[in-house]
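Just so it is clear, the structure is predicted and the values come from calculations on it, not from any experiment. Per chain, numbering begins at 1; letters A, B, ... match sequence-line order.
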Amino acid sequence: MSASPLAPISARRRRTDKVARALLGVATGIALVPLVLVLWYLIKRGIGVWSWEFFTKDPTGSFLGDPGGIKSAILGTIEMVALATLIAVPFGVGVALYLVEFGRDGRFASVVRYFVDVMTGVPSIVFGLFIYITLILTGDFGSFAGYKGSIALALLMLPVVTRASEVVLLLVPDSLREAALALGAPRWKVTMRVVLPTALPGLVTGSLLAVARAAGETAPLLFTAAIVNATTFNLDSRMNSLPAQIFQDVGQPNPRLVDRAWGAALTLVALILLLTLTARYFQRRTRLA
Amino acid sequence: VEAGTITRGGRSTLERSSRSRFSDPLFRWILTGLAALVLLIIGFFFVRLLIEAKPAFDRYGVFGFTFDNNWDVSREIYGALPLLVGTIIASGIALVIGVPIAVSTAIFLTELCPRRARGSLTIMVELLAAVPSVVYGLWGIFVLIPKLKPAEQWFADTFSFIPWFGGGNVAGPNYFIAGLILAIMILPIVSAISREVLATVPAENKEAALALGATRWEMIRIAVLPYSRAGITGAAMLGLGRAIGETIAVTLVIGNAPQIGQHLFDQGYTLAAVIANEFGEAASDPIHRAALIAAGLVLFVLTLAVNAVARAIVVRGRHGERAPEGTPAAAAAL
């Protein structure tokens, strides 16, 4: 900002400018402090807990003796999130396809869009309550089960997938659709063979971010999938998960269990960071965005 | 379709095959059905929530349940005011701490940051959203609470003349810690939306300010901020919605005491935390369970109201542009 010969910038204005810009920079620095601190403590307290046994043994449930590892929690999280993804991604992309390909700016589409936004704002614990009162409290579908946890997570992922997919699908140029239609392709074929493949990297990004979000959720799992020790591959039985396991261990007045919580937290964050960075990689490969 | 000149098998080559005549409407109806299912699901759950919460509302009245200052499980008295107040205090603190930092970050990243550092700094701020709630809770209990306690006590003693902020003994887990954790958790979303809003400020407005001889900061103050005020307010409201519904981290650091705290560093409780905490014991006690579901309903309605207002402000702040824009990551952050 060089001084203009017409009206030199006064020293006071220049000082204000400098101070304000410095403050904005400092605020950005402050915003990054928690990230650094959280990662630092996770690594410091968590890495020492990691061992072969930590990943390959189930929690024993013993309070004073050997607490065991987190195998069932890791596998439970993977199983439940995988099932949730199988539900939420086709559903969410389908809704986004409706909004972009058919609904456009119609009234029904606006209502759907609004309620998808509403769903984004619903607290995750309320999704847990929904599943609890419809699938567990009624008693028709048995007690706590892994698949119920998956449904709660899927509800949570649905608006994320839909919103992200809608953004990407809107970016597909209309000329591509028109070209395919002009060649005589039916609407469904245009959508499946032209629109979806063009938008694929972006759809993958949105889905991965939704998966990353679901993987870290504790609240909806507490009263849908519960917390157990043993590994199970039966989605109709109670199932452990990393966040629930951490939540349980944190509250224990036993340093060994708290150590396990740190180890499990480091595992969970590593998993989620991996997903998030993979999502970013796909985003950069998107030719559209 | 008009019959063309070239025909094969008695049918114009331009005519659609009979298969696609059925499959196209079918495809359309399947997708419309999925979209309608979203509305059905939300409506269905809302009704179920109302039905299950009814016993609590019948017993204490809607107003009595929501605004009575007494939550006593052992005597079967459920008045949710302490939870409601705790929720409002904790998320209020989160806004006061989190929003100025988030908006400053957004301004810095869009207007001042050197281009080379922008990408990586943006990703780092967004990574804050990747840390799960339970991990913030773990970190809060074992790092933040012990490390900040002396500073909190010093603050309470030094400013003991300010009602509510000073005086009193600092409890380990308290409103302030919960608010601080929430501030960290809403920072990425408020910052992401603010950035999106700031990016829509027309370059002409900024250039006009600079051409009139404004410094960078003056340009931000007179051209950028007034243009994006509505959008930033909306971003803060969306952050508020997040803070209100946040459960696990808050449960771990707010102390879970069902009274309205005496001061900033006193223990409290929130609507979301009470559900997570008491659900295990309540499963076999119908009225306790109904009370928790009713607390969930109050929470649901509260977040709906906050989000509706926020969306309205954000949309108005978009200056007539059609909704979603930006990258899929930004959309997912919403």
*Closest heavy-atom pair and its distance - B:P132, A:V269*: CD-CG2, 3.8 Å
*Contact class of A:L242 relative to chain B, heavy atoms under 4.5 angstrom*: neither
*Under a 4.5 Å heavy-atom cutoff, which of B:F300, B:F45, B:Y136, B:F27 has the most pairs with chain A?*
B:F45
*Kindly give the heavy-atom pair with the smallest separation between A:A219 and B:I248, and that separation in Å.*
N-CG1, 3.8 Å
*Nearest atoms (heavy-atom pairs only) where B:A276 meets A:F223*: CA-CE2, 4.5 Å
*At a heavy-atom separation under 4.5 Å, does A:L222 approach chain B through its side chain, its backbone, both, or neither?*
side chain
*Where do A:R21 and B:I107 land on the side-chain contact (heavy atoms from CB on, under 4.5 Å) test, with the steps shown first?*
CA-CA 10 Å; A:R21 288 163 76 163; B:I107 296 174; over 6 Å; no
*Would a 4.5 Å heavy-atom cut-off, applied to side chains only, mark A:T16 and B:T215 as touching?*
no
*Please walk me through it: do A:F91 and B:L37 pass side-chain contact (heavy atoms from CB on, under 4.5 Å)?*
CA-CA 10 Å; A:F91 194 167; B:L37 197 55; 3.7 Å; yes
*Kindly assign one of parallel, tilted or perpendicular to the pair A:Y132 and B:F279, based on the angle between their ring planes and the thresholds 30° and 60°.*
perpendicular
*Interchain contact, A:L35 with chain B, by part (heavy-atom threshold 4.5 Å)*: both
_Option from B:V38, B:L31, B:L34 for which side chain to side chain contact (heavy atoms under 4.5 Å, CB included) with A:Y98 holds_ = B:L31
*Using non-hydrogen atoms and a 4.5 Å limit, figure out which bit of A:V111 sits close to chain B: side chain, backbone, both or neither.*
both
*Given that the side chain runs from C-beta out, which part of A:T162 has a heavy atom under 4.5 Å from chain B: side chain, backbone, both or neither?*
neither
*asked:* Looking only at heavy atoms and a cut-off of under 4.5 Å, which of B:L304, B:N307, B:I42 has the most pairs with chain A?
replied: B:I42
*Would a distance-only check, ignoring hydrogens and angles, find a side-chain to backbone donor-acceptor pair under 3.5 Å from A:D17 to B:E218?*
no
*Where does A:V112 contact chain B at under 4.5 Å (heavy atoms): side chain, backbone, both or neither?*
both
*Toward chain B, the part of A:L155 with a non-hydrogen atom under 4.5 Å*: side chain
*Start with the C-alpha gap between A:T120 and B:L238, add the side-chain angles, then the distance that decides, and say whether side-chain contact (heavy atoms from CB on, under 4.5 Å) holds.*
CA-CA 10 Å; A:T120 323; B:L238 284 177; over 6 Å; no
*Quick one: does A:F108's side chain get under 4.5 Å of B:L39's, heavy atoms only?*
yes
_Assess the residue pair B:R289 and A:L137 against the criterion (side-chain contact (heavy atoms from CB on, under 4.5 Å)); give the C-alpha distance rounded to whole Å, side-chain angles, the decisive distance to 0.1 Å, and a yes or no._
CA-CA 10 Å; B:R289 191 176 62 209; A:L137 198 54; 3.3 Å; yes
*Tell me, side chain or backbone of A:Y114 under 4.5 Å from chain B's heavy atoms, or both, or neither?*
side chain
*Does the B:D24 side chain pair with the main chain of A:R187, one donor and one acceptor, at a distance under 3.5 Å?*
yes
*asked:* Using heavy-atom distances under 4.5 Å, tell me whether A:T138 contacts chain B through its side chain, its backbone, both, or neither.
replied: side chain
*Among B:L109, B:V143, B:V103, single out the residue with the greatest number of heavy-atom pairs under 4.5 Å to chain A.*
B:V143
*Could you tell me which non-hydrogen atom of A:A27 sits nearest to which non-hydrogen atom of B:I101, and how far apart they are?*
O-CG2, 3.6 Å
*Below 4.5 Å from any heavy atom of chain B, which atoms of A:L99 appear? Answer side chain, backbone, both or neither.*
neither
*asked:* With chain A as the partner, which of B:L187, B:I244, B:L127 has the greatest number of non-hydrogen pairs under 4.5 Å?
replied: B:L127
*Taking all non-hydrogen atoms of both residues, which atom of B:A272 and which atom of A:I125 are closest, and how far apart?*
O-CD1, 3.4 Å
*Name the region of A:F247, side chain, backbone, both or neither, that has any atom closer than 4.5 Å to a heavy atom of chain B.*
both
*asked:* Using every non-hydrogen atom in the two residues, find where A:P34 and B:L128 come nearest and quote the distance to one decimal.
replied: CB-CD2, 4.2 Å
_Interface moiety of A:L268 toward chain B, non-hydrogen atoms closer than 4.5 Å_ = side chain
*Would you call A:V250 and B:I141 a side-chain contact if the rule is heavy atoms closer than 4.5 Å?*
yes
*A:A261 versus chain B, heavy atoms under 4.5 Å apart: side chain, backbone, both or neither?*
both
*asked:* Just to verify, what does B:R48 make a salt bridge (Lys or Arg N to Asp or Glu O under 4.0 Å) with, not counting sequence neighbours?
replied: B:E52
